[in-house]
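Following: one structure in structure tokens, then a few remarks.
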Amino acid sequence: MSDILTGLNEPQREAVQTVSGPVMIIAGAGAGKTKALTHRIAYMIEQGVSPFSIMSLTFTNKAAAEMKERVMKLVDPHAGRNVWMGTFHSVFARILRSEAECLGFTKDFTIYDTDDSKQLLNNILKERELDTKAYPVKYLQNRISMAKSALISAEEYCANKDIQQQDYQAKKPLIGEIFKSYNARLHRANAMDFDDILFHTNILLRDFPEVLYKYQHKFQYILVDEYQDTNYAQYLIIRRLAAVHENICVVGDDAQSIYSFRGANIQNILNFRKDYPDYKLIRLEQNYRSTQNIVNAANSVIAFNKNQIEKKVWSDKEAGELITVMRANSDTEEGTLVANSIFGFKMSRQLANKDFAILYRTNSQSRSMEEALRRQGIPYKIYGGMSFYDRKEVKDLLAYFRIVINPHDDQSLLRIINTPTRGIGETTKERLIVASGQQKTSIWNIITSQMPPEINEGTATKLRNFATMIQSFAVIAGKENAFDTAKHICDTIGLVKFLKEDDSPEGIIRVQNIEELLNAIMEFSDKQVDEVTGERLEIGLSAFLQEASLMTDQDNKKDENDDTVTLMTIHAAKGLEFPYVYVVGLEENLFPGVQSLGTQDELEEERRLFYVAITRAEKKLILSHAESRYRYGSLTISEPSRFIDEIDKKLIEQTHKASFKGTRNIDEGFNFSNPFVRRTQTGGFYKKETPRATPTPTATPARPSNVTGNIADPDDIKAGMRVYHNKFGFGNVISTEGTGANKKALVTFDTEGDKRLMLTFAKLIIIE
DNA sequence: GATTGTGCCCTTTTT
DNA sequence: GGGCACAATC
């Protein structure tokens, strides 16, 4: 017991020991919320709470795995593993499988991912002969997902006047009908999409009191991580399950809510006190991750948001270094500056590549960074983008597995019926879709018992052969373990042989991916060990699929060992930390993005995203922005982000590209964009008219003793330099004009604003 | 029925 | 710039 409580601060200890009743933990970034949660679970188990009665929910598999690992270290692993710990989707999919019959599904239901649902919607549009321009699939997905997350059924969607009015005004009046067909097709396919897992769980708990009763009494203790990211469907599930015991503990940080575009609702945090009036609020405010300067910078930024729960995050670490702001003249140069900076820190401070992370708003920004790192010879790894489970060949093979387990899975059937090629084309597929719509049954049933007359005999035979093959696989799956079945399927369809015909580098990767998938199945099987005897359990394909359909490759591959710089979006970086963090592309219309300038709420979400970015850094934070950038193939000019201005000025130091060697040509480019810079940079280095959280003191600095150096030759003064003037103090050279004795410079002084100086008279000292 | 050409549209995305 | 969907080809 002492083990579990030692090393915790006072509020953490309170969070761990307040086991009964509703508890809300508001945890700042880096305040040890995972520690509080894991120790709490361990503490409960040690206090005699049955692990089977504890449900702990997270959003990612990775977070769940990490928590499980940490709990197992604190308590007897046999007890630890019995806690219901996982993502919302995995825990409730598990419950849905055992209760599937109530809802008209079988326990082998398939989970459709975003791509499957996209294909399905495409089929519906085709069937209804609707234009994909009038009804963009992405828009439909969004609309349907939002409805399901808000627990609005397709029928309610159609009956709701407001919603219908919205769709009518958007010139998309048929969305409701499409929604209905979509659900009908899912149900016919014995399939659920991601949102359905939560939606159907709610239906289950709402309409089947005995089921509700069972789980309310089973899960006496409920813990929820990242509560600020829950949507209405998740909120209501938790509320229902916790209604009897009210031993519910939620952990969140409203300042880190960055998924509202996915339906996450901050109100859930704000409403907690209404739902559980006698709740206990615990604040974890001490940040153990970052230096004071970084914490203060984050605080000064987030202070600009109106909607937030009051808290003061603090750090008792050293003040640390100032936050560096780098200005580049182009996206290419931004990459170079970042790569040079990393190289410099590595050399001067003996750091490893893995001490660095480069974070950006959009994935497309990775390219300039990537190219610069490659030129500099720095190993890096880009996270995000195409996931292993999104690869076509992997999805193809998985589709075979899925249809063996659930033959009514139409999307899988359509995906693989002609892969490898079997002479079954688009026309045939369309006929099958239409027939299944008319007969209101799955395509599988159409092929096996109600072959439509318009399909000619040759094609019909091909279809029957396909069905026979799938049936033979199903027989094998009933007898053999997952790996042997998978291997058999793979060999029989000749997928590897088919892929090997393509010997391009991409083709070789595809073959490797198939091998990797088979390895993953093997690995998964190896992990399934009998708890009591320690023997390996034979697990079937179905069990593997259940796991794989809710898996992303984010979790299995976090090679702690390989020493690379990390590149990822800020969204992907949530929950992670790095000693040195670069946040790049801090420009208006990029970060904050142009689409988020519309409403206050959207802007505040962008600001929270910036807050998340800042708080990833432990020791040093470097921000950068470029004055121009290629976007969608054409050059765009950008102003520095307002977010830079929102950081307390005392915490920032400016670096200039002139301080880097060999940038003469860049200076020329810089002059080119000069008029623009002058326009936006009045007063201080950045726009002065922006409101500030804390006003910066404005006194002309006396010449500090560390300013040494001689009066510069006017010819040496160049745009971008940092200079010192005896009367005006420190400033930045924005531009120069004229030559020789007539040479003038526009200098923006930190405290005195813009000055145009004749260089033969102004005695400037070059600082850097 | 597969392959190449042409216009179109771009965020973030735990599951 | 580039990925994707659909069309025009062979």
Side-chain angles (χ1 to χ4, degrees), chain A residues 57-65 86-93 111-119 122 125-126 131-133 136-139 141-142 145 148-149 192-199 225-226 228-231 233-234 256-264 331 359-365 367-368 383-387 389-390 418-419 421-429 459 547-555 568-576 585 589-598 602 605-606 608-610 612-613 629-636:
Chain A
L57 301 171
T58 59
F59 276 82
T60 65
N61 292 306
K62 195 172 150 194
T87 63
F88 276 90
H89 289 83
S90 70
V91 167
F92 295 118
I111 295 169
Y112 275 9
D113 65 19
T114 323
D115 192 58
D116 298 318
S117 101
K118 183 179 154 195
Q119 301 299 334
N122 263 323
L125 291 178
K126 236 176 244 166
D131 188 4
T132 49
K133 280 180 195 105
V137 172
K138 253 192 146 172
Y139 187 93
Q141 279 186 301
N142 214 338
S145 176
K148 285 184 176 177
S149 304
M192 296 187 193
D193 65 19
F194 288 141
D195 299 312
D196 280 340
I197 293 173
L198 305 173
F199 186 92
D225 195 10
E226 307 278 18
Q228 76 282 351
D229 288 337
T230 49
N231 61 29
Q234 289 160 329
Q256 291 188 68
S257 162
I258 54 173
Y259 282 103
S260 74
F261 69 96
R262 303 251 316 151
D331 47 355
L359 308 180
Y360 33 77
R361 175 72 244 260
T362 64
N363 281 306
S364 61
Q365 289 167 259
R367 193 148 50 95
S368 56
Y383 291 79
M386 178 68 83
S387 134
Y389 287 94
D390 288 338
N418 200 33
T419 309
T421 334
R422 299 191 176 85
I424 298 164
E426 275 316 304
T427 334
T428 310
K429 282 191 200 174
T459 311
E547 173 112 344
S549 52
L550 290 171
M551 210 149 56
T552 53
D553 68 345
Q554 290 241 312
D555 17 57
M568 53 172 58
T569 64
I570 301 165
H571 280 94
K574 191 172 147 200
L576 305 178
N589 300 329
L590 178 61
F591 192 20
V594 66
Q595 3 40 235
S596 48
L597 299 174
E602 284 170 325
E605 175 140 327
E606 291 282 292
R608 291 193 293 270
L609 191 59
F610 186 47
V612 169
R629 170 182 303 279
Y630 274 94
R631 288 237 264 166
Y632 311 133
S634 59
L635 193 71
T636 54

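Chain A is the first sequence line, chain B the second, and so forth, proteins listed ahead of strands; every chain is numbered from 1.
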How would you label the contact of [X] with the nucleic acid (heavy atoms, under 4.0 Å): base, sugar-phosphate, or nothing?
{"X": "A:N363", "answer": "sugar-phosphate"}
{"X": "A:S90", "answer": "nothing"}
{"X": "A:Y630", "answer": "nothing"}
{"X": "A:T421", "answer": "sugar-phosphate"}
{"X": "A:N418", "answer": "sugar-phosphate"}
{"X": "A:K118", "answer": "sugar-phosphate"}
{"X": "A:R631", "answer": "nothing"}
{"X": "A:G593", "answer": "nothing"}

Residue [X], side-chain atoms from C-beta onward, closest of [options]:
{"X": "A:R367", "options": "C:dG2, B:dT14, B:dT11", "value": "C:dG2"}
{"X": "A:E606", "options": "B:dT13, B:dT11, B:dT15", "value": "B:dT11"}
{"X": "A:T362", "options": "B:dT15, B:dT13, B:dT11", "value": "B:dT11"}

message: Taking the nucleotide of DNA chain B with the nearest heavy atom to each, does A:Y632 or A:K138 sit closer to the 5' end?
response: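 Result of the comparison: A:Y632.
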
message: Which is more 5' along DNA chain B, the nucleotide nearest A:G423 or the one nearest A:S364? Just name the residue.
response: A:G423

query: Are A:F261 and B:dT12 stacked, counting the six-membered base ring, centres under 5.5 Å, planes under 30°?
result: yes

- prompt: Quick one: does A:R262 reach the base of B:dT13 with a side-chain donor-acceptor pair under 3.5 Å?
  reply: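 Such a pair exists between side chain and base.
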
side-chain contact (heavy atoms from CB on, under 4.5 Å) partner of A:T230, the single match among A:Q228, A:E226, A:Q234: A:Q234

Shortest non-hydrogen contact between [X] and [Y], atoms and distance:
{"X": "A:D229", "Y": "A:Q256", "answer": "OD1-O, 4.4 Å"}
{"X": "A:L590", "Y": "A:G585", "answer": "CD2-O, 3.5 Å"}
{"X": "A:T58", "Y": "A:A63", "answer": "CB-CB, 4.1 Å"}
{"X": "A:D116", "Y": "A:I111", "answer": "OD2-O, 4.2 Å"}

Is the backbone of [Y] close enough, under 3.5 Å, to the side chain of [X] for a donor and an acceptor to pair up by distance?
{"X": "A:T87", "Y": "A:T60", "answer": "no"}
{"X": "A:E605", "Y": "A:S260", "answer": "yes"}
{"X": "A:N142", "Y": "A:Y139", "answer": "no"}

Under 3.5 Å, which N/O atoms of the protein pair with N/O atoms of nucleotides 8-10 of chain C?
none

- prompt: Does B:dT11 sit syn or anti, given that only angles within 90° of 0 count as syn?
  reply: syn

message: Output the rounded distance in Å from CZ (A:F59) to C1' (B:dT15).
response: 9 Å

Euclidean distance, atom NE2 of residue A:H89 to atom C1' of B:dT15 [Å, nearest integer]: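 So the two atoms are 4 Å apart, to the nearest Å.
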
